[in-house]
Amino acid sequence: MKLTGCELRRISMPLLSPFRTSFGTVTSREVLLVRAVTEDAEGWGECVAMSGPLYSSEYTEAAAGVLRDHLIPALAAAVPGSATAVAPALAPIKGHRMAKAALETAVLDAELRAEGRSFGRELGAVVDRVPCGVSVGIMDSIPALLDAVDGYLSEGYARIKLKIEPGWDIEPVRAVRERFGDQVLLQADANTAYSLSDARHLAGLDPFGLLLIEQPLDEEDVLGHADLARLIRTPVCLDESITSAASAAAAIRLGACQIVNIKPGRVGGYLEARRIHDVCAAHGVPVWCGGMLETGLGRAANVALAALPGFTLPGDTSASGRYYAADITEPFVLDQGHLSVPTGPGLGVTPDPDRLAEVTTRVEWISM
Ligand SMILES: CC(=O)N[C@@H](Cc1ccc2ccccc2c1)C(=O)O
Ligand SMILES: [Mg+2]
């Protein structure tokens, strides 16, 4: 495989409605796309970093910079024979897993398109459609929350995830349970908003039969999660803390999580995401595919990943229409609460050129 260069493309996608979490509110998604061009094909990778370092330390401008100044030059120098050579070539560069993931995904997509193999086939998908959950932001009022949840359940979503933070946690969960009953699959995501001293308060969620509470404590506080897991009945799921297969193994061994949210962008790519899946499966730990408000490009890859056998819980692989009025690819549309795994070569979807042009704010080409 001969790489001739990479395009870094910035796009700005307005959200259908503001999305509020414990770390802030977003009204549009600034996305960095990587297009890798080889002699045989081109491939796409979506960097999941936010425009600011609020979910993690990475952010769009920094990802573009480290790709331009370090990652793409390192990859060019390594002359990778295939996508499996990308991570080793980039390993000397510390961190920047979301930027690395976008580059590896673009190279993998190009390679698979040239071979006529789909992401699902490459990663080991065992089903052709996956059940989908939805992430519901912090709302201005309980009635507004119940309306939003009602809408998503009517659309057929298989699982509801509520963003929580101190002051918006037990009451919203109680209200959803009272309105929609005990059968609805329900979970909460704190995005690190609590501390171990909140354990007794968080035990207040135990009566509501949540599937899990996601990342209640700081991403670096793995031991704190292990302590918390002994103080509450709700299973603890980690998101921000899990950055690799090794970190997943350590967290499981320390008793810090009983469930893992796998996000390929957070862990450096789909190949590492599959390794985390395998480590969790070996420990009997269920996993699900997290979401970062991806466009159809990242969404396609996530749905393929969610089709692996260990993904036994519905993920945040929501339909395109959860976030965007118009996606840059053919939209992913929920069908009986499921999304179909793309079957075409590579990601199986490509950006619509006109739509891409409409949302593009910057393009740069880096020769290799
Ligand atoms: C679907 C979901 O809840 N995702 C993240 C949080 C999140 C929230 C808002 C975001 C805005 C722009 C980019 C990434 C974002 C990620 C999570 O699971 O923790
Ligand atoms: Mg999360």
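Predicted model, so just to flag it, every value in this text is computed and none were measured. Values below: every heavy atom of this structure, side chains too, minus hydrogens, waters and symmetry copies. Both counts, for ligands and for their atoms, begin at 1 and track the order of listing.
Ion pairing between a basic and an acidic side chain is recognised when a charged N comes within 4.0 Å of a carboxylate O; Glu39 and Lys2 show no such pairing. Under 4.0 Å is where a charged nitrogen must lie from a carboxylate oxygen, and between Glu61 and Arg10 at least one such pair does.
Residue-to-ligand polar distances keep Glu240 apart from ligand 1: every N/O pair is separated by 3.5 Å or more. Here's the thing with Tyr55: none of its N/O atoms is less than 3.5 angstrom from an N/O atom of ligand 1. Ligand 1 has an N or O atom lying under 3.5 Å from an N or O atom of Lys263, backbone or side chain. Considering backbone and side-chain N/O of Thr21, none are found under 3.5 Å from N/O of ligand 1. The shortest N or O to N or O distance between Met50 and ligand 1 is not under 3.5 Å.
Excluding waters, the set of protein N/O/S atoms under 2.8 Å from the Mg ion (ligand 2) reads Asp189 OD2, Glu214 OE2, Asp239 OD2.
Contact annotation for Tyr59 and ligand 1: no heavy atom of the residue comes within less than 4.0 Å of the ligand.
When hydrogens are left out, the protein atom nearest atom 16 (C) of ligand 1 is Met292 SD, 3.6 Å; that is the closest non-hydrogen contact. Of the protein's heavy atoms, Phe23 CZ, 3.8 Å lies nearest to atom 7 (C) of ligand 1. Among protein heavy atoms, the minimum distance from atom 15 (C) of ligand 1 is reached at Leu293 CD1, 3.9 Å. Atom 8 (C) of ligand 1 has as its closest protein heavy atom Phe19 CE2, 3.4 Å.
When each atom of ligand 1 is checked for a heavy atom of Glu214 under 4.0 Å away, the hits are 18 (O). Numbered from 1 in the order shown, with element, the atoms of ligand 1 that lie under 4.0 Å from a heavy atom of Arg29 read 12 (C), 13 (C). Each of the atoms 17 (C), 19 (O) of ligand 1 lies under 4.0 Å from some heavy atom of Asn191. With ligand atoms numbered from 1 in the order given, ligand 1 contributes 2 (C), 3 (O), 5 (C), 6 (C), 17 (C), 18 (O), 19 (O) to contacts under 4.0 Å with heavy atoms of Lys163. Within ligand 1, counting atoms from 1 as listed, the ones closer than 4.0 Å to a heavy atom of Asp189 are 17 (C), 18 (O), 19 (O). Close approach of ligand 1 to Asp239 is summarised as follows: ligand atoms under 4.0 Å from at least one heavy atom of the residue are 17 (C), 18 (O), 19 (O). Of all the atoms in ligand 1, the ones that sit under 4.0 Å from a non-hydrogen atom of Val26 are 11 (C). The distance from ligand 1 to the heavy atoms of Tyr323 drops below 4.0 Å at these ligand atoms: 1 (C).
Annotation: Glu330, atom CD; neighbour count of heavy atoms from other residues, nucleotides and ligands within 6.0 Å does not exceed 12. Applying the 6.0 Å contact sphere to OH of Tyr324 captures more than 12 heavy atoms from other residues, nucleotides or ligands.
Here the CD1 atom belonging to Ile276 is positioned 9.5 Å from the CD1 atom belonging to Ile252, to the nearest 0.5 angstrom.
In this structure, Gly291 has a heavy atom closer than 4.0 Å to ligand 1. At least one heavy atom of Lys161 sits under 4.0 Å from some atom of ligand 1.
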_CA sep, side-chain torsions, deciding dist, call: Leu339, Leu334, side chain to side chain contact (heavy atoms under 4.5 Å, CB included)_ = CA-CA 5 Å; Leu339 287 182; Leu334 212 57; 4.2 Å; yes

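For the pair Val222/His225, no side-chain contact is recorded, criterion being any heavy-atom separation below 4.5 Å from C-beta on.
A donor-acceptor pair shorter than 3.5 Å can be found between the side chains of Ser12 and Glu30. Looking at Asp206 and Thr234, their side chains do bring a donor and an acceptor atom within 3.5 Å of each other.
Using cut-offs of 30° and 60° for the angle between ring planes, the Phe23 and Tyr55 rings count as perpendicular.
Each of Glu240, Glu214, Gln215 was evaluated against Asn191; a single residue qualifies, Glu240, per the side-chain hydrogen bond (donor to acceptor under 3.5 Å, both in side chains) test. Considering Lys163, Arg322, Arg299, Arg159 in turn, Arg159 is the only one that fulfils the salt bridge (Lys or Arg N to Asp or Glu O under 4.0 Å) rule with Asp316.
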Pair up each side-chain donor or acceptor in residues 91-109 with any protein partner under 3.5 Å, not counting sequence neighbours, and list the distances.
| from | atom 1 | to | atom 2 | distance (Å) |
| --- | --- | --- | --- | --- |
| Arg97 | NE | Thr243 | O | 3.2 |
| Lys100 | NZ | Leu90 | O | 3.4 |
| Lys100 | NZ | Ile93 | O | 2.4 |
| Lys100 | NZ | Gly95 | O | 3.2 |
| Thr105 | OG1 | Ala101 | O | 2.6 |
| Asp109 | OD1 | Arg113 | NE | 2.9 |
| Asp109 | OD1 | Leu347 | N | 2.8 |
| Asp109 | OD2 | Trp44 | N | 2.8 |
| Asp109 | OD2 | Arg113 | NE | 2.9 |
| Asp109 | OD2 | Arg113 | NH2 | 3.1 |

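Not one N or O on the side chain of Asn302 forms a donor-acceptor pair closer than 3.5 Å with the backbone of Thr317. No donor-acceptor pair under 3.5 Å is formed between the side chain of Ser118 and the backbone N or O of Pro345. In this structure, Ser340 contributes its side chain and Arg129 its backbone to no donor-acceptor pair below 3.5 Å.
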